[in-house]
Amino acid sequence: MEAPRPFAPDWYVPWLPPAPGADLKLWLCELWLLLLTPGLSADLLPHEEDVKFINEYVNLHNELRSKVKPAGANLRFMTWDVALSRTARAWGKKCVFERNTHLEEINMAHPIFNGIGENMWVGLENEFTASIAIRSWFAEKDRYYFGNGTCRGDCSKYLQLVWDKSYKVGCAVTPCSRVGRIKHAAIFICNYAPGATLRRQPYQQGVVCSQCSKNDRCTDFLCSNAEREEATYYHFWYPRWEVPRPLVCDPICILTFFLRTLIFILSVTIVLIVQSHFPNILLEEQMTFPLEVTKREVEEEEGEEEEEEESEEEEKSEEVEEEEEEEEEEEEEEEEEDEDEEDEDEDKED
Ligand SMILES: *[C@@H]1O[C@H](CO)[C@@H](O)[C@H](O)[C@H]1NC(C)=O
């Protein structure tokens, strides 16, 4: 028997327009991905098998929801959501049988919905099928009394599975070397939006589809609405707490990469141009600022720093003195000129 194997992660790897060496870059990036994600190569599935897996768990959810007893009047038709799958995969990677702690945090489990629901199944890896896991949740119905809304023990997974308002589901199965005491385990998580609050009965009892929202149609005994169910692919969203982080490059990241490359090329070009125009630029610098002078300047600067306040005042007075001196000099020059003229006059007379 062939058990459904884990999801191939939906890496998003952006590519700049093809350039020389693009093939090499592509190859290097693929190698990088394989090195970064141990075991990925072994579990990497063809895309069609992903679709099979998605169809299997979504269809089973809808089938079980349409069969609730007593009959439900307002249960919604469920469709797949990629962000919920990513959250399920990211939490599954931790290999712990614990509730995801990020479900109520804004933007941490889904880019749009808050208050995400979660069901979890842990078992032997070679015994896992989506059907076994989801039916085990549904089996909790035997402990639930719809009439007075009470449960013997835990019915939370059943209540989430048949919660009327939930219409998006995303699941992922992750192999784990061990979870608690189970070795060679598989952890199967489904996340739901909007999540169940569990504070009331899971749906309204009544004739199938008799209490759907306005504009809903009845599809397979469930309330369906094409607009509501439209798939969004959230190309650049992934859970921020995922470890290791998947390789995702959003438009800002692409822009930054592009600008950095551009600036690097520009600076290299400028250096090359300057070097070709001034081949002796380093020698020239040494000629204009010989070592000895620079040393003296440094020493002077150090001295100045210590007496900065004093020297400022001194400078002011010096400036005033200089101005006075200049004025005096000018006057003297004028006088001299006058004298010269007089002398010339005298000479002529002679
Ligand atoms: C709810 O109903 C079930 C069966 O009808 C009964 O066994 C159970 O005691 C009820 N619980 C409460 C809290 O009334």
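Heavy atoms only: backbone and side chains are in, while hydrogens, waters and symmetry mates are out. Remember, it's 1-based here, ligands and their atoms both numbered in the order they're listed. Counting begins at 1 with the first residue of the sequence.
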Atom 9 (O) of ligand 1: any protein heavy atom closer than 4.0 Å: no
SG-SG under 2.5 Å, Cys218 vs Cys212: no
Trp91, Trp121, Trp137, Phe97 screened by ring-ring contact (aromatic ring centres under 6.0 Å, His included) with Phe188, the one that passes: Trp137
Residue Thr150 vicinity, atoms of ligand 1 by number, heavy atom under 4.0 Å: 1 (C), 11 (N), 13 (C)
Under-4.0 Å salt bridge between Arg76 and Glu229: no
Identified side-chain contact (heavy atoms from CB on, under 4.5 Å) partner of Ile252 from the options Thr256, Leu255, Ile254: Thr256
Protein contact of atom 4 (C) of ligand 1 - nearest heavy atom, named by residue and atom, plus distance: Tyr145 CD2, 3.7 Å
Which residue and heavy atom of the protein sit nearest atom 2 (O) of ligand 1, plus the separation: Asn148 ND2, 2.4 Å
